[in-house]
Amino acid sequence: MALIVQKYGGTSMGSPERIRNVARRVARFQAEGHQVVVVVSAMSGETNRLIALAKEIQPIPDPRELDVIISTGEQVTIGLLAMALQEIGVAAKSYTGAQVRILTDDAFGKARILAIEEEKLRADLDAGMAIIVAGFQGVDAAGNITTLGRGGSDTTGVALAAALQADECQIYTDVDGVYTTDPRIVPEAKKLNTISFEEMFEMASLGSKVLQIRSVEFAGKYKVKLRVLSSFEDSGDGTLITVDEEQQDMEQPIISGIAFNRDEAKLTVLGAPDRPGVAYQLLGPIADANIDVDMIIQNVGHDGATDFSFTVNRSEYEKAKAVLEVVCQHIGAREIVGDNKVCKVSAVGVGMRSHPGIASQMFRVLSEEGINIRMISTSEIKISVVLDEKYLELAVRVLHKAFELDKCHNNNRPLCGCN
Ligand code: ADP
Ligand code: ASP
Ligand code: MG
């Protein structure tokens, strides 16, 4: 008997028929003698609908109240799935985040899980019940409802698996695993049978929304066995996220995947005084406003002045610009220019470590297509470029081909299913 946490995303929970389908799968695992904890998302489109509704009343929604509203989508689906299970003879009980007591900090809209009280769940599991927990939500120490950021149900799933020391955390979604890039953009993308935590972490942080980044972080930290699978297929092993050591002996492909993020915006401060502390003066207030900054570039100074560029999530562009305007007046910078029609495209692979020249190959491929690179950032296992948004699909496609990701990618990995 194993304890399995299964997480079902919005599409998998998107209609009564699909919810019945999920119930049948849960029942099957139970019938095989496993204990099952299910984490669910809201029905697809519901969280967006709730956000739009909130914005009709308050254009910049109060963060606490927004969480009260957007957490309701998952409260509906837990009840529906519990009922669907009961209808097929499986004893099931639903829990909201607050009912479990998934304790988080109080950062509304992007709260972090601090602790999970799992005793009640264990007692119900031992009594033979299937447990359904609302994804994406928790409660802070003061009892306020919090949410974990878009796609946060993945993190609820992994955090519960860690707390319950589950044997496996299965993320059921609308694709049958993690691909070399989003298969909706590049139909030739190949499914990976395994991917290392390190690579999955980069892919997620660079925009591959198949797993929320914090879920990968959690799984790596607490050694949760994590697998991505399709909720629409009954067979297939999906993609297993593995610890690097397991692959040490195998020759790594140089690039494992291409990730991208459309929701980027770029801000440039022109003519900032070139003196110690200016980066802090510019970015400190941005951090204080709880805005995450991604790439940062400071140019070589000239005539006592320097230019400074950084990227933020597009949804925070206006807020960041407003903060910068105040700071720039204060420090005497010349001008702020912004562009919220940019995107980021990244190549990820641990094999890059032992293969120099990947960056120049990437730049050559983009230049051959006439694509202008606006910003560059590299680390040991990834290269990211900021581009005009209109080039996103083209860039992803040509890079995917140039790095031969459309060929069998599992050659050097176990369980290759490609050929
Ligand atoms: P869910 O609602 O189940 O959480 P998401 O929409 O959040 O599903 O994530 C699944 C989607 O992630 C897929 O439909 C796919 O379009 C997208 N995706 C992006 N990058 C990848 C990738 N590298 N591999 C697989 N899917 C990806
Ligand atoms: N329903 C939430 C969202 O749409 C959480 C999730 O689906 O994981 O972001
Ligand atoms: Mg998701």
Side-chain angles (χ1 to χ4, degrees), residues 6-14 18 22 38-52 66-67 69-78 97 109-111 133-138 146-159 169-195 199-216 227-232 236 238-239 241 255-263 315 344-349 392-393 396 399-400 405 409:
Q6 300 187 332
K7 178 261 168 176
Y8 293 90
T11 318
S12 313
M13 296 294 289
R18 288 185 175 176
V22 169
V38 188
V39 173
V40 295
S41 292
M43 291 170 127
S44 63
E46 179 62 4
T47 311
N48 287 345
R49 189 186 73 82
L50 292 167
I51 293 172
L66 185 63
D67 276 1
I69 296 164
I70 64 177
S71 59
T72 58
E74 274 75 8
Q75 189 164 337
V76 172
T77 46
I78 52 171
K110 45 178 151 180
V133 178
F136 178 55
Q137 56 177 266
T146 55
T147 65
L148 310 179
R150 299 307 304 270
S153 301
D154 297 334
T155 303
T156 308
V158 175
C169 180
Q170 303 173 339
I171 306 286
Y172 287 93
T173 183
D174 54 5
V175 284
D176 61 353
V178 178
Y179 278 68
T180 46
T181 193
D182 189 339
R184 293 184 205 288
I185 299 286
V186 183
E188 297 78 24
K190 290 269 183 267
K191 181 175 86 71
L192 300 167
N193 293 327
T194 62
I195 182 168
E199 288 169 316
M200 192 63 239
F201 183 81
E202 288 289 351
M203 291 278 279
S205 73
L206 296 168
S208 295
K209 67 170 188 163
V210 61
L211 284 176
Q212 198 203 32
I213 177 168
R214 283 187 185 165
S215 70
V216 186
R227 194 184 287 279
V228 176
L229 303 135
S230 165
S231 68
F232 301 115
T239 301
I241 324 296
I255 302 293
S256 286
I258 307 290
F260 56 85
N261 188 5
R262 266 179 223 287
D263 306 325
S315 64
K344 182 169 65 177
V345 176
S346 312
V348 175
L392 187 138
E393 269 95 359
V396 173
L399 290 172
H400 193 268
L405 297 178
H409 194 58

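Side chains are part of it too, since the values below use all heavy atoms of this structure and drop only hydrogens, waters and symmetry mates. Atoms within each ligand, like the ligands themselves, are counted from 1 in listed order.
- Interface of R184 with ligand 1, defined as ligand atoms under 4.0 Å from a residue heavy atom, comprises 13 (C), 14 (O), 15 (C), 16 (O).
- For ligand 1, the atoms sitting less than 4.0 Å from at least one non-hydrogen atom of D174 are 10 (C), 11 (C), 13 (C), 14 (O), numbered in the order shown with element in parentheses.
- Side-chain contact of D67 with T146: a donor-acceptor pair under 3.5 Å is absent, judged by distance alone.
- Atoms of ligand 2 lying under 4.0 Å from at least one heavy atom of S41, given by number and element, are 6 (C), 7 (O), 8 (O).
- For atom 24 (N) of ligand 1, the nearest protein heavy atom (residue, atom name, distance) is Y179 N, 2.9 Å.
- Considering backbone and side-chain N/O of T173, one or more are found under 3.5 Å from N/O of ligand 1.
- Nearest to atom 4 (O) of ligand 1 among the protein's heavy atoms is K7 NZ, 3.0 Å.
- Contacts of T181 with ligand 1, taken as heavy-atom pairs under 4.0 Å, involve the backbone alone.
- Between the side chain of S205 and the backbone N or O of I213 there is no donor-acceptor pair closer than 3.5 Å.
- Not a single heavy atom of K191 lies less than 4.0 angstrom from ligand 1.
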Practice problem: Walk me through it: do R184 and D174 pass the test salt bridge (charged side-chain N to carboxylate O under 4.0 Å, His left out)? | Solution: CA-CA 11 Å; R184 293 184 205 288; D174 54 5; 3.2 Å; yes

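- Heavy atoms of G9 stay at 4.0 angstrom or farther from ligand 2.
- The single protein non-hydrogen atom nearest to atom 7 (O) of ligand 1 is K209 O, 3.5 Å, given as residue, atom name and distance.
- Contacts between V210 and ligand 1 below 4.0 angstrom, taking non-hydrogen atoms only, involve backbone and side chain alike.
- Ligand 2 has at least one atom lying under 4.0 Å from a heavy atom of G151.
- No option in T194, V210, T239 other than V210 meets the side-chain contact (heavy atoms from CB on, under 4.5 Å) test with M200.
- Considering backbone and side-chain atoms alike, D154 places every N or O at 3.5 Å or more from each N or O of ligand 1.
- Under the 3.5 Å distance criterion, the side-chain polar atoms of S41 are left unmatched by any main-chain donor or acceptor of S153.
- Judged by distance alone, the side chain of Q212 and the main-chain N or O of L148 form a donor-acceptor pair under 3.5 Å.
- The side chain of E74, and not its backbone, has at least one atom closer than 4.0 Å to an atom of ligand 2 (non-hydrogen atoms only; side chain from C-beta on).
- Among protein heavy atoms, the minimum distance from atom 15 (C) of ligand 1 is reached at D182 OD1, 3.3 Å.
- With Q137 contributing its side chain and S71 its backbone, the two residues share a donor-acceptor pair below 3.5 Å.
- Although no hydrogens or angles enter the test, the distance criterion places a donor-acceptor pair under 3.5 Å between the side chain of T156 and the main chain of F136.
- Taking R227 as the reference, E168 meet the salt bridge (Lys or Arg N to Asp or Glu O under 4.0 Å) condition, with sequence neighbours excluded.
- The distance from ligand 2 to the heavy atoms of R150 drops below 4.0 Å at these ligand atoms: 3 (C), 4 (O), 9 (O).
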Quiz item: Step by step, would you call N261 with L206 a side chain to side chain contact (heavy atoms under 4.5 Å, CB included)?
Solution: CA-CA 6 Å; N261 188 5; L206 296 168; over 6 Å; no

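- Distances from ligand 1 to the non-hydrogen atoms of G177 include at least one value under 4.0 Å.
- Checking only distances, G10 does come within under 3.5 Å of ligand 1, N or O to N or O.
- A side-chain donor-acceptor contact under 3.5 Å links R214 to the backbone of K110.
- Within ligand 1, the atoms closer than 4.0 Å to a non-hydrogen atom of V178 are 24 (N), numbered from 1 in the order shown.
- Judged purely by atom type and a 3.5 angstrom limit, S215 has no side-chain atom pairing as donor or acceptor with the backbone of T155.
- The shortest N/O to N/O separation between S41 and ligand 1 does not fall below 3.5 Å.
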